[in-house]
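Numbers restart at 1 for each chain; the letters A, B, ... are given by sequence-line order, proteins then strands. Just so it is clear, the values below take in all heavy atoms, side chains as well, and ignore hydrogens, waters and symmetry mates.
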Amino acid sequence: MGLLEVKNLRLSYGTVQGIVPAVDGVSFTIEAGETLGIVGESGAGKSSLASALMRTMPRNVVNYTGIIEFEGSNCLELSDEAFRKQIRWQRMSMVFQGAMDSLNPVIKVGKQVAEPLLLKPGIKPKQAYATAQQLLKMVMLSPEVFHRYPHELSGGMKQRVMIAMALIFNPKLILIDEPTSALDVIIQAQIMNLLKRFKREFKLSILFITHDLALASDLCDSIAIMYAGEIIEMGSAEEMLLEPKHPYSQKLLVSIPRLAEDTRPEFIVGAPPDMTALPPGCYFQPRCHCVFERCLHEHPPSFKLPSGRLVKCWLYGDQR
Amino acid sequence: MPLITRLAARGLTLLGVLFVVLVLVVVTLGATGFSDRMLRATASEELRGLRQSLAQTIRDPVELEQVLTLRQQELFRYYQLDRPWYYRLPDMVRRVVTFDLGEARTVRSFDGSSRVADIVLERLSNTIMLVTTASVITTILGLLIGPRLASKVGSRLDRVSCLFLAFSYALPAWWMGIFLILGFSFTLDLFPSGGMFSLIPPEGGIARFLDLLWHAALPVITLVLVSFGSAAYIIRTMVLNTAQESFVSVGRAKGLPNRLVERRYILRVAAAPIVTSVMLGLAGSIGGAILTETVFNWPGMGRLYYEAIMAADESVIVALTFFFTLIYIVARFSLEIFYLLLDPRIRYV
Amino acid sequence: MKLPATMKILLSSGTGKTGAGFLMLLIAVSLYVVSVYPMDFGLLFWNNPAVWADNPKNAPPAWTSIFTGQKKVEHTVFAATEPTRVIPGAGMDTLGYTFDLNYKFDEPSTFVSFALHDITYTSRPPIITLLLQRPDGKEMLLYRHVVRGPGPGEDIPISRYMESPHRVYLSGDSTVLSNVAGFLRQEFGQDVSPSDLRGKIDRIIFGIPAEEKGQDFAVLDGNYTIIVMAQVYHPEDSIGEVVFVLGGSVYGAMGTDALGRDLATGLLFGFPVALLIGLVTAVITTIIGTFMGILSGYKGGKTDTIIQRSCDILANVPLLPILIFLIFILGQKLELVILILIIFGWPGLTILVRSMVLQYNSSQLVESTRALGASPWRIMFRHIFFQIAPFILAQMIFFTPAAILAEAGLSFLGLGDPSIPTWGQILESGFSTGAVYAGYWWWVLPPGLLVVLAAMTFVLLTLGMEPVVNPRLRR
Amino acid sequence: MKELLVMNHITMDFHVKKQLFSSLIIRAVDDVSLKLEGGESIGIVGESGSGKTTLGRLALRLLKPTGGDLLFRGQDITRASEANLKVFRRQAQGIFQDPFASIDPFMNVHQILEEPLLIHRVGSQDVRRELISQALKEVKLTPVNDFLPRYTHTLSGGQRQRVAVGRALILRPDFILADEPVSMIDASSRAEILYLFKELQEKHGISFLYVTHDIATAGYFCRQMAVMYLGKIVEFGRTSSLIRKPHHPYTQALIRAVPSPDPSNRTHERLVISGESPSPIKPPPGCRFHPRCPNFIVGKCDVKLPQMVAVGEDHSTACYLYP
């Protein structure tokens, strides 16, 4: 029994063009202390998945079904208020994308970090602030940052504050959504080192969301690749990075330019699918280099390979 | 300190505004010959009086004319009527700036003084009282309603309210006033149709105050009705914009109760622009007070302005234009300070 | 965003639809008025007391009878230019004019009057007789008039009543008094002296002696016929127009004011005027404001400094007091009002546009277009302008009610342009003559309501534009 | 090959209004010299605040440099007026980071591609139409007629950027500045744009200045590379040698920080320099990098600015570690 078990999660938005699926029947499990990477390109539904787990979806959600079992309780059965009181931030917290505007500009950093703790009955403000100070120290920020306003900090510092903030309740699971996409490579490496250390020291479970497969390799024990709202392949980091099975995963891996080797990066022809008008059959079929007759008409289910890896591709349809 | 420099820059600009308005007023008066006519009238008034008193002592008509001509030249020199109007310009500006506002021709203060400064000053507090009360009520209403609409944007309530807010914005203060007079004063006879106190004001502090409240009710309701629509709408829009920011969803995700998120993450952040826009609108409603006071016969500066225009009393008009600008500018400057206090982002730039 | 798309979004909201509907209404009424009314309506009609002389003063609208339950006399004017029939006779013709009057009111008329226009004759002056046929079968001679004969040396044909008509206030005319006294004596056997009937004429001609005590005459309902007979002695002789006025206590669709002016006509004329004030001011303000804003933001340097300083000052001036002052000193001209509104209106927009343009200045759009070698004008008005166009359109719509309200407020203070009647002025005349305190609601409420309608139209359109300007609100 | 674009000791200062009458100077680019030869490609690599973007804008003369000279085909264009730059504007084009922001959303593809032709008054309507369809074919937006009437919001990021490339290409320029052209594009489409660049370079002999924070894509596309830190070039060299044997500690740190998809990554922390790049308002004295440098020599690095020294064939760096 994993820490977080997601089964057949669906999330759609109601828009002018009609109902647009964002997360389309996603299932995965995160064990305690494990890190799962969700990798996908823009529009693949990664961030919608995160908001579905944290229940921070925009208002125009029309379809929100499935099972999210976290530490034994089904989150979808909890009322908003119960979810907020029992789970959100205390047991499952999140580091948001775009640290630049994720902090309240008119509240001092220290108070923002301590804020959720301050609201807990029985906790003295002094205690809460001390915890916040300590967390800031842990993310390698100087103590004076506590009294600063967000706009006085650099992007890297803000992202550290966001990480400190997510740790205030010492949660079991942290969702981390593109933590470094706006940062420079060196700062990115610093942050990744920090996360790596926390993961090790606190036995944290992490759901790491990124568009960058290389970055995912820095942290993740297993990796799931998303395309058009679905997980099309999922397996251990070793398998996924050394021997991806799905044509999309393969192409994604070789599209990364490498500094050390002389291999030419490759690309996938065509554009990502329009979520309002998905193609028939496999969603990846119009761009796939291995496409055959069946792909055009039938949507592939997840096939479990002997190693335990899941692939949504007809190429593996006969290997049960 | 950049904070002080910013304020100084704003202050300078606003003083510039005051000065430009003043010059505009004075030049308009001078270039249209208005000021000439007024001063001539004053001079000839004085001469007529002189002629009457002199006629008692000087019997010789030729001599009388001579004396009068001499006196006239003297007076013209005194009023600087012997030179084109623009020579008087610096002097006029200086006088107004130093609150040496001169004498009114026909308008009088309540105790009969003809000094413009007396007339204006005794009315100033009445206007400020009216406008401030209305502003405070409007802001509170706006803050109660705006965020509520923002949280339900697109709903039936929001759409209906928007219609109502549009109606409120489109409502002219004077007409609203007339409407209320017709309804509550003429038909229902619940409130007085005008004035600030009853004809014979009741004795005693509390009774007097209640009398004032009774008289102020309709004008205040009028001002609130015509301005709270735009105030609520501005607040709704700003709250709506702020609510889309990602730090708000972070606040929610942090497990903070909804009310707290609304207060600390939306209202608090949007406070600076909200206060500015709402107050700016209200500073503009000093103009609206001119009309409201006229309708309700409220003895404030607006009513005075109307009376002065009807009586073509130049010096009162100049003084009032100056005062309206001054109040407006003081209000704007206090806003700047307020903004700086509310928004840490500005403070440290 | 393209214009059709903008329109689509605008019309997709309830507020936008309502606003557009109101706008159509305003435009339709305005077009009607412009095509029917003379341009100098204000001087020729509205402010010309002679035109309204026959009307009842301070009369409420005719439809108010429905609510009061009492059938008030509706002010009616019977006029004819051509005779209903011509009765040939020996040496003379009789021109007959008949008007049917269905009298179904609960009260006598407030007055009756009779007027003759443009009479031409050759030999003998015509004789005109006014008769009233009553529902009780009795016929009443009201008035007889012999046109003044030719003076010495007057040319033939002789014209009379060309400049000013021959008007008789029948309710007070002495010959009418004696005619009515005669009628009473003959038909009802009442012997009264004409002077006793002063002030009772209307009650008698539309009534019969009352049976109940305390009342001398009761209203006689039914069909009356007003007959005008003119005896002319030459085929060329003509009568321009005969007019019989039944003075009512209610009038038309919107009632009358203290001068007897038909408020409906003035209110109708206010439509195109309000639209003109609003749109002209808004369009010119927007053009200047946008131009200056783009110029200031894109050019920078000295141009920017100069424009910014001017804006800082002009935008901080309290508008209404200055407007009042300038109009008072410079004269009550509508053009002047519009001019002043524009002068103090553009800086606000310029400041907004400038700040938007500044964002675009360092944008990749402007950089890439500059790198292509595009001229500043092309960048400013082909690229930047289109990016902010929806916003500018919204601002323009938003300016319109502000201008309408400002003019109305000014008019309300008695500073309106006297040659052009506006809603504000109609209200002002009501307010300054104490109509409010006399309860003449029909005089003060409709003009204000129309100001609200016109202003609200544009506020609603602005609200409808909201999702266009702020894409976050699009759903 | 002849020198196409030469930057001689270019300096760029920005004035930031701080107070009513005084302003702060930010030196975004400090004494940078660079030569771009015909048909060549140089990558400018650096983090935010390094001045790489400013350098790119200077190369297109979108900014007037505060100091130094800018020569294009031997002609001094440092202070030329916009009117005199007409020829330069035709021969030098730019492709910018955000293909959504750099293209007018009110124009369809046809109008976007026609704009440079209209600005430079090229050809009749028929000629222009022909040129446009040629350019679209070159950036592989086919069938051409499907794309001509489309607005950019209906295109994917990669397609939009190809429209931008087409627009830059249509005047047959000699020089293209590509400022982070692939950073906003999905990873799986990046290589496509880079291949397109390479193809155009080989086919038309266009020179590229490739400004990026991503040393990996630059490493693939550019023959030479300049690494910038706080307004200065700290290392310059042929890409192969610079990436294999980076000399400057900053370049080394930059290369180490680039993640590669290796499952063993998660088992150990990456070696990384601490701290963040300081503000260019108050750059540190001496070597700009010394406060973060692991090899910092007290009394030397923090005193005097190191000069560029050759450390190999066509490879130089500004660091006291290399005499």
Let's test your reading of the structure: which of [options] forms the most heavy-atom pairs below 4.5 Å with chain C?
options                       : answer
B/Y233, B/W175, B/F186, B/F19 : B/W175
B/L320, B/L165, B/L163        : B/L163
B/T321, B/T32, B/T28, B/T13   : B/T28
B/L182, B/V21, B/I181, B/L14  : B/L182

Distance check, rounded to the nearest 0.5 Å: [X] atom [atom1] versus [Y] atom [atom2]?
X      : Y      : atom1 : atom2 : value
B/L291 : C/L320 : CG    : CG    : 5.5 Å
C/L405 : B/L171 : CG    : CG    : 9.0 Å
C/I324 : B/F324 : CD1   : CZ    : 7.5 Å

Please examine the side chains of [Y] and [X], heavy atoms only from C-beta on, and report whether any two atoms are closer than 4.5 Å.
X      : Y      : result
B/T187 : C/W441 : no
B/I178 : C/F412 : yes
C/V317 : B/T325 : no

Contacting moiety of C/L427, where chain B heavy atoms sit under 4.5 Å: side chain
Proximal component of C/I404, with respect to chain B [non-hydrogen, under 4.5 Å]: neither
Please find the pair of heavy atoms, one from [X] and one from [Y], that lie closest to each other, and give the distance.
X      : Y      : result
C/M456 : B/A170 : N-CB, 3.4 Å
B/Y169 : C/A402 : OH-CB, 4.3 Å
B/C162 : C/T15  : CB-CG2, 4.2 Å
C/F431 : B/V295 : CZ-CA, 3.6 Å

Residues, nucleotides or ligands: over 12 heavy atoms within 6.0 Å of B/F191 CZ: yes
By side-chain hydrogen bond (donor to acceptor under 3.5 Å, both in side chains) - contacts of B/Y306 (at least two apart): none
Sequence-distant partners of B/R303, side-chain hydrogen bond (donor to acceptor under 3.5 Å, both in side chains), two or more places apart: B/N297, B/E307
Choice from C/G424, C/P447, C/G331, C/G439 maximising heavy atom contacts with chain B below 4.5 Å: C/G439
Top contributor to chain B contacts, counting heavy-atom pairs under 4.5 Å, from C/L445, C/L460, C/V451, C/L330: C/L445
Interface residues of residues 307-315 of chain C facing chain B - heavy atom cut-off under 4.5 Å: C/D312, C/I313, C/A315
Summary of ring pair (Phe, Tyr, Trp, His ring centres under 6.0 Å) pairs that have at least one residue in residues 302-355 of chain C, sequence neighbours excluded: B/F34-C/F328
Whether B/Y305 side chain and C/P321 backbone form a donor-acceptor pair below 3.5 Å: yes
